[in-house]
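Note that the numbering runs from 1 along the sequence shown for the chain.
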Amino acid sequence: MRIEDLFVWSGGESGWSGIMWSPSEGWRIKIFAVFCVAVLCGMLCGCGQRDVLEANGVPRDIEIRFMWDYAEGADVDGMTVYFFPHAGVGRVWRYDVSGRAGGKLTVPSGVYDVIAINNDLPDISLSGTNEFGTLTANAIEVSGLSDVSRATGMLYGASLERVEINGCGVTYRQRDGTLKQCPQGLMRCWPDSLSTVYHVVIEGDKVGTHAAEMAGHLKGLSEGLLVSSALPVGNDTSVLFGFERDGDNEVSGETIDFASLRERTHLSLELTAYCSDGKKYVKEFDVSEQALNSSSPRNVVIILRDINFPDTDPSDDGDVGLDVGVDGWKEVDVTYDTSDGWGN
């Protein structure tokens with residue numbers, strides 16, 4: 001090849017009157033082809049095309065870290081993490097992580113919707129675990145009692161949509177909506193409270209001494225919760241719980257369950273007073289307004305003030321009773337198994 005072949009002749013017949021310092025047509029094509037190949041190689045090696053190269057699910061090591069900013073007092077034994085294929089087709093990957101801090105996982109490359117929940121609650125069952133939008137936490141029904149569930153305990157959960165895992169790390173949206181790209185493969189998620197704590201206080205003259213024992217029956221709750229949206233699902237249910245004496249004029253109790261969308265207008269509390277002679281008396285209170293006005297939707301405080309029992313006349317053997325039909329209290333002939341969810 002001659003050196004002059006690299007240049008275009010711009011002179012006339014009289015000689016080399018001028019030379020244009022530009023490649024000839026053939027060399028332009030060659031240079032352009034080399035440039036295209038280089039660009040294509042860069043694209044195929046870049047992060048933007050990793051999902052194409054790793055379509056078969058190359059195992060990738062990542063780290064998940066649980067951030068408890070929204071549930072600082074959470075005390076969990078471990079978390080279960082579900083990776084659902086974002087396109088809805090493919091295998092669901094499940095990982096159990098001990099403790100509350102997080103841990104390292106090996107996940108096939110791909111795009112996922114992720115749910116993380118604590119796995120230390122024996123009174124909750126899970127259903128719909130094959131899809132992101134159907135994973136449901138369910139309160140377990142008390143054996144032998146219709147529409148009565150066990151207290152669920154405190155369920156915490158977090159969800160992340162469209163998490164991309166590839167050779168360049170992890171890409172996901174943080175809780176505030178900002179896009180996070182982490183080449184080190186670190187993924188953070190922020191669990192929050194999904195169950196609702198109901199703290200009930202009963203105040204009244206001698207309310208802590210008039211009855212030998214008291215129990216509560218909170219009605220209008222939900223039997224299940226969609227974890228991805230934190231929305232209640234299923235039928236209404238109720239939960240039974242006990243009280244402790246805080247003094248002569250106050251008793252208090254607490255239970256944890258799934259709130260219902262209807263509870264703000266249909267939440268009621270039935271109090272049961274147990275007397276030493278074995279008789280039971282009940283009275284029901286509408287507490288919907290207190291749930292509606294609660295400052296925290298996951299921590300509802302219910303206070304019943306000036307709750308006065310009828311005068312009692314202990315018999316000679318020391319029994320304590322309540323006058324039937326007085327002040328709205330009614331005698332009932334119902335036996336509950338207090339070992340099956342009441343607690344006291």
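Residues Glu141 and Ser149 have side chains that never bring a donor and an acceptor to within less than 3.5 angstrom of each other. Side-chain contact annotation: Asp286 with Ser288, donor-acceptor N/O pair under 3.5 Å present. Asn166 and Ser109 are not linked by any side-chain donor-acceptor pair at a separation below 3.5 angstrom, with hydrogens and angles left out of the test. Defined by atom type and a distance below 3.5 Å, a donor-acceptor pair is missing between the side-chain atoms of Ser238 and Asp147. When only modelled atom types and interatomic distance are considered, Ser127 and Asn138 share a side-chain donor-acceptor pair under 3.5 Å.
Across all their heavy atoms, Ala230 and Leu194 have their closest contact at CB-CD2, 3.8 Å. Residues Met154 and Leu121 approach most closely at O-CD1, 3.3 Å, considering heavy atoms. Considering all non-hydrogen atoms of both residues, Leu160 and Arg188 come closest at CD1-O, 3.7 Å. Here the closest heavy-atom approach between residue Glu284 and residue Ser268 is recorded as OE2-OG, 3.1 Å. Gly220 approaches Ser260 most closely through the heavy-atom pair O-CB, 3.2 Å. Nearest heavy atom pair, residue Gln174 against residue Trp190, reads OE1-CH2, 3.8 Å.
Proximity of a side-chain donor or acceptor of Thr136 to a complementary backbone N or O of Leu226 within less than 3.5 Å is not detected. Between the side chain of Ser222 and the main chain of Val233, a donor-acceptor pair closer than 3.5 Å is present. A donor-acceptor pair is defined here as one N or O able to donate and one able to accept, closer than 3.5 Å; such a pair exists between the side chain of Gln290 and the backbone of Ile303. In this structure, the side chain of Ser294 engages the main chain of Ser296 through a donor-acceptor pair within 3.5 Å. The closest donor-acceptor contact from the side chain of Tyr95 to the backbone of Phe83 lies at 3.5 Å or more, if one exists at all. Checked by atom type and distance alone, the side chain of Ser195 never pairs as donor or acceptor with a backbone atom of Ile256 at under 3.5 Å. A donor-acceptor pair is defined here as one N or O able to donate and one able to accept, closer than 3.5 Å; such a pair exists between the side chain of Arg100 and the backbone of Ala74.
Hydrophobic cluster membership differs between Leu218 and Val201, with clusters built from Ile, Leu, Val, Met, Phe, Trp and Tyr side chains linked at under 4.5 angstrom. Under the 4.5 Å side-chain contact rule for hydrophobic residues, Val300 and Leu304 share a cluster. A continuous path of Ile, Leu, Val, Met, Phe, Trp and Tyr side chains, each step under 4.5 Å between heavy atoms, connects Ile64 with Trp68, placing both in one hydrophobic cluster. Met67 and Tyr156 end up in different hydrophobic clusters when Ile, Leu, Val, Met, Phe, Trp and Tyr side chains are linked at under 4.5 Å.
Ring orientation note: the planes of Phe241 and Phe243 are tilted relative to one another, at an angle of 30° to 60°.
Under the 4.5 Å side-chain criterion, counting only non-hydrogen atoms from C-beta, Phe84 is not in contact with Thr134. Val301 has its side chain out of reach of Tyr198: every pair of non-hydrogen atoms, C-beta onward, lies at least 4.5 Å apart. Counting heavy atoms from C-beta on, the side chains of Lys104 and Asp61 never come closer than 4.5 Å. Proximity of Val148 to Leu240: side-chain heavy atoms (C-beta onward) are separated by under 4.5 Å at one or more points. With contacts defined as side-chain heavy-atom distances shorter than 4.5 Å, the pair Leu271/Met214 qualifies. Side-chain contact between Pro85 and Val92 is present, with heavy atoms from C-beta onward closer than 4.5 Å. Contact of the Leu186 side chain with the Val170 side chain is not registered, since no non-hydrogen atoms from C-beta on lie closer than 4.5 Å. Leu269 is listed as a side-chain neighbour of Val200, based on a closest heavy-atom distance under 4.5 Å.
The residues Glu270 and Lys219 are annotated as salt-bridged, a charged nitrogen and a carboxylate oxygen being separated by less than 4.0 angstrom. Arg150 has no carboxylate O lying under 4.0 Å from a charged side-chain N of Asp257, or vice versa, which leaves the two without a salt bridge.
Taken from CD in Glu164 to CG in Leu179, the straight-line distance is 8.5 Å, to the nearest 0.5 Å. The structure places NZ of Lys283 at 11.0 Å from NZ of Lys330, a figure rounded to the nearest 0.5 Å. The line from CG of Asp113 to CD of Glu131 is 11.0 Å long, rounded to the nearest 0.5 Å. Taking CD1 of Ile165 as the reference point, atom CG of Leu105 lies at 8.5 Å (rounded to 0.5 Å). The line from CE of Met79 to CD1 of Ile115 is 11.0 Å long, rounded to the nearest 0.5 Å. From Leu135, atom CG reaches atom OG of Ser159 across 10.0 Å, with rounding to the nearest 0.5 Å.
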After noting the C-alpha distance and the side-chain angles of Ile124 and Leu155, does the key distance pass the side chain to side chain contact (heavy atoms under 4.5 Å, CB included) rule?
CA-CA 9 Å; Ile124 286 181; Leu155 180 66; 4.1 Å; yes
What's the verdict on side chain to side chain contact (heavy atoms under 4.5 Å, CB included) for Asp77 and Asn118, showing C-alpha distance, side-chain angles and the deciding distance?
CA-CA 7 Å; Asp77 295 334; Asn118 56 312; over 6 Å; no
Intermediate values then yes/no, side-chain hydrogen bond (donor to acceptor under 3.5 Å, both in side chains), Thr152 and Asp123
CA-CA 5 Å; Thr152 61; Asp123 291 323; over 6 Å; no
Side chain to side chain contact (heavy atoms under 4.5 Å, CB included) evaluation trace for Arg298 with Val197
CA-CA 6 Å; Arg298 299 299 185 196; Val197 179; over 6 Å; no
Test side chain to side chain contact (heavy atoms under 4.5 Å, CB included) on Glu203 and Ile307 and set out the steps.
CA-CA 6 Å; Glu203 298 176 353; Ile307 303 302; over 6 Å; no
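Two rings, from Tyr82 and Phe132, have their centers 6.0 Å or more apart. In summary, the aromatic rings of Trp93 and Tyr112 are positioned with their centroids too far apart to meet the 6.0 Å limit.
Within a 6.0 Å sphere centred on CG of Asp120, heavy atoms belonging to other residues, nucleotides or ligands number more than 12.
Checked options Leu267, Thr196, Asp236; the residue passing with Leu221 is Leu267 (criterion: side chain to side chain contact (heavy atoms under 4.5 Å, CB included)).
Tyr70 carries Arg175 over the face of its six-membered ring, with the cationic atom under 6.0 Å from the centre and within 45° of the normal.
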